[in-house]
Amino acid sequence: MSAGGVGVGGFARLLIDWQRLHGRSGLPWQATRDPYRVWLSEVMLQQTQVSTVLDYFPRFLSRFPTVHALAEGSSDEVMALWSGLGYYSRARNLHRCAQIVVSEHGGEFPNSALALQTLPGIGVSTAAAIAAFCFGECISILDGNVKRVLTRVMAYEGDVSLAASQKELWHLAQSMLPHAPSIDDMGAYTQGLMDLGATLCMRSKPACDRCPMQPICHGHASGEPTRFPIKSRRLKRRHESWWLAVFLGQDGEGHSTVWLERRPAKGIWAGLHCTPVLTDEDAALALLGAENATPQFLEPVAHSLTHRELRLHPVVMRSVAPMVWAAACTERPGGVGQWVRLDDLAAWGLPAPLRPLLARVAASA
DNA sequence: GACACGTGGTA
DNA sequence: TTACCAAGTGT
């Protein structure tokens with residue numbers, strides 16, 4: 001045991017001991033030091049809750065068990081497996097990263113945070129997590145958990161919305177690291193940072209009475225630990241209405257189909273498959289009215305994104321001669337599309353709100 | 001440096 | 001309803 005903390009009051013020692021006794025263990029990505037699995041889990045967990053990833057991680061891994069398999073997979077299949085997880089640039093970067101690891105690193109992930117960080121989709125925190133877990137590098141992650149824990153322990157008064165504060169927090173995080181840790185120590189320390197933030201030092205109602213840091217925590221001493229972290233910048237969402245043109249048809253074997261187009265390479269749901277979207281009401285009504293059928297307007301569905309509050313208005317168009325629409329659809333901006341069987345949608349990378357929506361449509365079709 | 005990028009859960 | 005935010009990164 002050589003992990004005496006050098007930071008405030010033996011922070012690292014307290015954290016490592018606490019993690020081994022009370023931290024989380026048994027999560028599917030914890031039982032390994034395989035950089036591929038650790039990397040995959042870290043990317044999936046970016047801004048995403050553990051409970052959500054529990055569902056996606058094993059499915060993705062069973063289809064792509066190695067970085068070679070992933071590198072050789074099709075981008076459409078990767079997107080389909082990511083469908084519903086959100087932040088789809090992660091999936092595109094993941095795929096690109098796998099191809100780079102195979103083509104430029106002989107299929108082995110680089111073994112330092114510095115080198116890992118040059119790969120697409122791997123930033124400072126993810127690079128540190130992989131390096132710490134897989135290679136025992138003495139470097140700190142800096143995610144939301146760590147920021148909350150550190151700002152509370154230190155009663156850090158800086159505004160974490162500012163870049164200067166981020167830099168200061170990064171230095172602070174490095175200063176708390178254990179001294180000359182073993183690889184096991186770095187694993188427990190890194191996991192401990194996240195476990196502490198997730199299970200005790202929560203945003204509201206932190207469990208200070210059970211916290212190993214309580215004796216050294218200035219936030220707790222202040223009586224208002226939840227005052228930290230201090231954030232000035234507020235998120236604002238703007239409201240928008242989108243009309244989803246749900247063209248229904250049938251294939252040669254009598255299966256119900258829907259017309260899907262690939263979303264543009266940038267912006268919301270980039271690269272996913274979706275019904276044609278019209279963002280202007282007049283244009284939507286004009287276009288949908290011009291199609292030779294009776295549009296059926298369904299109840300709008302609310303869907304919120306980070307910066308937008310969407311009202312999705314499905315407009316179902318059924319046809320006796322659906323192929324007529326295919327020609328019309330391809331003329332539309334953004335336009336390359338195809339008819340997809342409603343019972344085959346699981347194999348497609350769709351935006352999350354489309355699955356229940358199309359399932360409803362299918363049920364009434 | 002500010003902003004875009006998804007989704008589901010919680011207060 | 002609204003706001004916040006969860007194992008952040010890229011532009």
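First the proteins, then the strands, lettered A, B, ... as listed; each starts at 1. Remember, it's a predicted structure, so these values are computed and weren't measured experimentally.
Looking at which nucleotide of DNA chain C each of Ala198(A) and Arg237(A) is closest to, the 5′-most match is held by Arg237(A). Nucleotides of DNA chain B nearest to Ala163(A) and Arg308(A) differ in position, and the one nearer the 5' end is that of Ala163(A). Map Glu309(A) and Leu27(A) each onto its nearest nucleotide of DNA chain C; the residue landing nearer the 5' end is Glu309(A). Residue-to-nucleotide proximity on DNA chain B shows that, of Tyr88(A) and Arg203(A), the 5′-proximal contact is made by Tyr88(A).
Among the heavy atoms of the strands lying under 4.0 Å from Gly84(A) are primed sugar atoms or P, OP1, OP2 only; no base atom is included. Residue Thr306(A) is classed as a base contact, given a heavy-atom separation below 4.0 Å to a base. Using a 4.0 Å heavy-atom cutoff across all strands shown, Val53(A) reaches no nucleic acid atom at all. Heavy atoms of Arg24(A) sit under 4.0 angstrom from at least one base atom. Trp39(A) comes within contact range of no nucleotide atom at all, as no heavy-atom separation falls under 4.0 Å. The residue Leu142(A) sits apart from the nucleic acid: no heavy atom pair falls under 4.0 Å. At a threshold of 4.0 angstrom between heavy atoms, the contacts of Ile268(A) are confined to the sugar-phosphate backbone, with no base atom among them.
Residue Leu45(A) contributes atom CG, which lies 15 Å from atom C1' of dG6(B) at whole-angstrom precision. In this structure, NZ of Lys147(A) is placed 12 Å from P of dC5(C), rounded to the nearest angstrom. In this structure, Leu116(A) atom CG and dG10(C) atom P are separated by 12 Å, rounded to whole Å. In this entry the distance linking CG of Leu193(A) with C1' of dA6(C) reads 16 Å, nearest Å. In this entry the distance linking CH2 of Trp269(A) with C1' of dA4(B) reads 15 Å, nearest Å. Straight-line distance from the NZ atom of Lys266(A) to the P atom of dG6(B): 12 Å, rounded to whole Å. Atom-to-atom, CZ of Arg238(A) to C1' of dC5(B) comes out at 13 Å; the value is rounded to the nearest Å. Atom pair His273(A):NE2 and dG6(B):P shows a separation of 15 Å (rounding to whole Å applied).
The side chain of Gln49(A) lies closest to dA6(C), out of dT9(C), dA6(C), dT7(B). Closest contact between the side chain of Ala352(A) and the listed nucleotides dC4(C), dA4(B), dG8(B) involves dG8(B). With dG8(C), dA11(B), dT9(C) as the choices, the nucleotide that has an atom nearest any side-chain atom of Ser204(A) turns out to be dA11(B).
Side-chain atoms of Thr226(A) and Arg152(A) form no donor-acceptor pair, as typed in the model, at a separation below 3.5 Å. Using modelled atom types, one finds no donor on one side chain facing an acceptor on the other under 3.5 Å when comparing Asn93(A) with Arg90(A). For the residue pair Gln30(A)/Ser25(A), the side-chain donor-acceptor check at 3.5 Å is not satisfied.
His307(A) has no side-chain polar atom (N or O) that falls below the 4.0 Å cut-off from OP1 or OP2 of dC5(B). Phosphate contact (OP1/OP2 of dA6(C), side-chain N/O of Gln47(A), threshold under 4.0 Å): absent. Phosphate contact (OP1/OP2 of dT7(B), side-chain N/O of His303(A), threshold under 4.0 Å): present. Proximity of Arg148(A) to the phosphate of dA6(C): a side-chain N or O atom is located under 4.0 Å from OP1 or OP2. A close approach under 4.0 Å does occur between a side-chain nitrogen or oxygen of Lys231(A) and OP1 or OP2 of dC5(C). Between Thr126(A) and dT9(C) there is a side-chain polar atom (N or O) within less than 4.0 angstrom of OP1 or OP2. Between Trp82(A) and dG6(B), a side-chain N or O to OP1/OP2 separation shorter than 4.0 Å is absent.
Of all heavy-atom pairs spanning Pro65(A) and Tyr36(A), the tightest one is O-CE2, 3.5 Å. Here the closest non-hydrogen pair linking Ala270(A) and Ala265(A) is CB-O, 3.2 Å.
Evaluation of atom-type donor-acceptor distances gives a pair under 3.5 Å for the side chain of Thr48(A) against the base of dG6(B).
A distance of about 14 Å separates the P atoms of dT11(C) and dG6(B), rounded to the whole Å.
With contacts defined as side-chain heavy-atom distances shorter than 4.5 Å, the pair Phe133(A)/Arg37(A) does not qualify.
Between Tyr88(A) and Trp269(A), the ring centre distance reaches or exceeds 6.0 Å.
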